[in-house]
Amino acid sequence: MKHITITGSLGSGKSVVSSILKEKLGLEIESIGSLLRKMAQNYGMSTNEFNKYMEEHPEFDHELDSFVKDQGLSSTAKIFDSRLAWHFIPQSFKIYLYVKDEIAAKRIYSDKERFNEEYNTENDALYHISERRKSEILRFRTQYNINLDDFDNYNLIIDTSHSTPDVITNIIIENYKKNSPNQNDIWISPYTLTPTQEIREHSLNKIESVSPFFSKIENYIEDPILIIFFNDHFYIFDGHKRTLNAIKNRISLIPCLLINPTAKHILPNGQSIDSYINDNFSQGYQHDWNDLVDYIKNNRK
């Protein structure tokens with residue numbers, strides 16, 4: 001069995017998912033986040049303060065990196081809950097957990113077991129999540145020339161915003177057992193996806209007309225939603241009706257095809273990503289989309 005390396009957004013549930021995987025797979029966990037929080041506590045700093053301090057003191061990162069490298073040499077498979085274990089253990093099965101910032105802030109603010117990470121409000125937590133993320137991205141680009149948000153780095157990307165840990169771990173285990181080194185699967189909640197077209201034309205009758213086919217997850221695997229990732233948002237490039245049908249049929253995660261790896265900025269039609277989003281997204285579209293989603297949720301059987 002391979003090592004499993006889990007990275008992702010702050011508050012995405014890495015620790016919870018790691019614990020369930022440990023129980024189901026019988027693998028030991030190495031949590032680098034816990035080690036970092038203990039380091040911060042030893043220096044009398046909050047985790048956010050210590051992250052900023054590490055920008056000017058790379059020796060702490062090197063200490064953690066050496067630990068991960070050494071543990072990665074073990075012939076016994078382990079689970080690594082770590083920002084960079086995927087980089088230092090390249091032969092591992094690499095997982096990225098994504099979560100929307102506002103949901104992450106709510107989780108972190110409500111989690112009283114996170115020692116050395118206390119916030120006054122959810123907005124306070126949201127601000128510090130953003131600042132810590134900026135600090136980590138800067139630090140890792142400077143020290144290692146890597147981009148955490150380049151999804152090409154990972155074998156499996158899962159959105160944890162609106163799904164239970166059990167659903168998420170079942171997807172992980174299924175993909176882990178495939179043992180396909182070149183796979184790059186991505187599963188996103190239909191509630192996370194952002195529209196790029198006017199959707200008033202998608203009447204409920206039209207949604208019903210394709211509903212029988214798109215009532216099972218297997219159908220989405222055969223015909224995944226095409227998506228774009230831009231400025232920490234997942235936009236629908238193709239598949240608006242299928243996304244609405246997933247909501248209607250209570251499917252919490254749907255397989256998607258990311259048509260633009262983060263490192264590239266040109267779409268298949270030759271248009272730049274930012275130009276496409278500027279041309280095809282508006283707050284009005286989002287408002288109408290939200291209204292239709294709410295209507296579907298309140299009227300589904």
Side-chain angles (χ1 to χ4, degrees), residues 1-41 47 61 63-100 103-104 106-117 129 132 136 148 151 153-181 183-189 217 252-253 255:
M1 297 176 75
K2 287 183 174 184
H3 293 305
I4 296 175
T5 52
I6 302 179
T7 188
S9 311
L10 298 167
S12 59
K14 297 182 292 297
S15 297
V16 174
V17 167
S18 295
S19 296
I20 297 175
L21 289 175
K22 175 184 178 180
E23 180 182 339
K24 292 187 175 183
L25 297 175
L27 305 181
E28 181 183 346
I29 299 174
E30 298 290 355
S31 175
I32 307 308
S34 295
L35 292 177
L36 189 146
R37 284 189 285 271
K38 288 178 182 177
M39 283 177 150
Q41 189 177 42
T47 306
D61 272 323
E63 181 180 342
L64 294 172
D65 299 342
S66 295
F67 174 80
V68 170
K69 289 176 186 176
D70 290 343
Q71 295 300 313
L73 296 175
S74 171
S75 58
T76 302
K78 294 184 177 183
I79 299 166
F80 290 83
D81 176 359
S82 160
R83 292 283 186 272
L84 292 181
W86 61 269
H87 177 69
F88 293 112
I89 313 175
Q91 72 277 16
S92 63
F93 182 70
K94 309 173 189 69
I95 300 166
Y96 185 98
L97 300 182
Y98 170 89
V99 66
K100 296 177 72 173
I103 294 175
K106 185 173 183 178
R107 290 176 181 174
I108 291 174
Y109 175 70
S110 302
D111 186 357
K112 303 307 178 184
E113 295 184 5
R114 282 179 175 258
F115 70 88
N116 207 30
E117 286 188 65
I129 285 172
R132 182 172 164 187
E136 289 181 342
L148 291 177
F151 293 135
N153 294 323
Y154 315 108
N155 302 114
L156 180 63
I157 301 98
I158 302 182
D159 173 20
T160 71
S161 303
H162 302 281
S163 292
T164 66
D166 281 332
V167 168
I168 293 162
T169 51
N170 286 340
I171 292 174
I172 290 174
I173 291 171
E174 182 179 348
N175 280 267
Y176 177 57
K177 290 182 176 179
K178 287 180 185 176
N179 197 26
S180 302
Q183 69 192 58
N184 184 231
D185 292 335
I186 180 165
W187 293 69
I188 304 295
S189 165
I217 195 66
S252 64
L253 282 168

Taking every heavy atom of A104 against every heavy atom of V99, the minimum-distance pair comes out as CB-CG1, 3.6 Å
Looking only at heavy atoms, the pair that brings A77 and K2 closest together is CB-O, 3.3 Å
Non-neighbouring partners of S82 that pass side-chain hydrogen bond (donor to acceptor under 3.5 Å, both in side chains), sequence neighbours left out: none
Can a donor-acceptor pair be found, under 3.5 Å and without considering hydrogens, that links the side chain of S163 to the backbone of I168? no
N170 vs K24, side-chain contact (heavy atoms from CB on, under 4.5 Å): CA-CA, chis, key distance, verdict: CA-CA 10 Å; N170 286 340; K24 292 187 175 183; 3.1 Å; yes
More than 12 heavy atoms from other groups under 6.0 Å of CD on E23: no
Closest approach of I171 to L156 (non-hydrogen atoms, all atoms of both residues): O-CD2, 4.3 Å
dist I29:CD1 -> S18:OG (nearest 0.5 Å) comes out at 5.0 Å
Apply the test side-chain contact (heavy atoms from CB on, under 4.5 Å) to residues R107 and I103: give CA-CA distance (whole Å), side-chain angles for both, the deciding distance (0.1 Å), then the verdict. CA-CA 6 Å; R107 290 176 181 174; I103 294 175; 3.7 Å; yes
Between atom OG1 of T160 and atom NZ of K100, what is the distance when rounded to the nearest 0.5 Å? 12.0 Å
Spatial distance of atom OG (S252) from atom CD1 (I188) [nearest 0.5 Å]: 12.0 Å
Under the rule for side-chain hydrogen bond (donor to acceptor under 3.5 Å, both in side chains), what residues qualify as partners of K78, not counting sequence neighbours? E30, Q71
Taking the side chain as everything from C-beta on, heavy atoms only, tell me whether Y176 gets closer than 4.5 Å to L25. yes
Which distance, rounded to the nearest 0.5 Å, do you find between the CD1 of I6 and the OG of S12? 9.0 Å
Working to the nearest 0.5 angstrom, can you tell me the gap between F151 CZ and I186 CD1? 5.5 Å
Do you know which two heavy atoms are closest between N153 and K94, and how far apart they sit? O-CD, 3.1 Å
Identify the two heavy atoms, one from T5 and one from A85, that lie closest to each other, and give their separation to 0.1 Å. CG2-CB, 3.5 Å
Test side-chain contact (heavy atoms from CB on, under 4.5 Å) on W86 and L148; report intermediate values, then the result. CA-CA 10 Å; W86 61 269; L148 291 177; 4.2 Å; yes
Just verifying a value: how many Å separate H162 NE2 and L253 CG, rounded to the nearest 0.5 Å? 10.0 Å
Distance-only side-chain donor-acceptor flag, T164 / D166, under 3.5 Å: no
Scan residues 82-92 for pairs that pass salt bridge (Lys or Arg N to Asp or Glu O under 4.0 Å), counting only residues two or more places apart or in two chains. R83-E136
Work out which heavy atom in F93 is nearest to a heavy atom in I172; give both atom names and the distance. CE2-O, 4.3 Å
Test item: W187 and V167 side chains (from C-beta on) under 4.5 Å apart, heavy atoms: no
Can you say whether the rings of Y96 and Y154 are parallel (under 30°), tilted (30 to 60°) or perpendicular (over 60°)? tilted
Should N155 and K178 count as side-chain neighbours, where that means a heavy-atom distance under 4.5 Å? no
Given L27 and I4, is the side-chain contact (heavy atoms from CB on, under 4.5 Å) satisfied, shown in steps? CA-CA 9 Å; L27 305 181; I4 296 175; 4.2 Å; yes
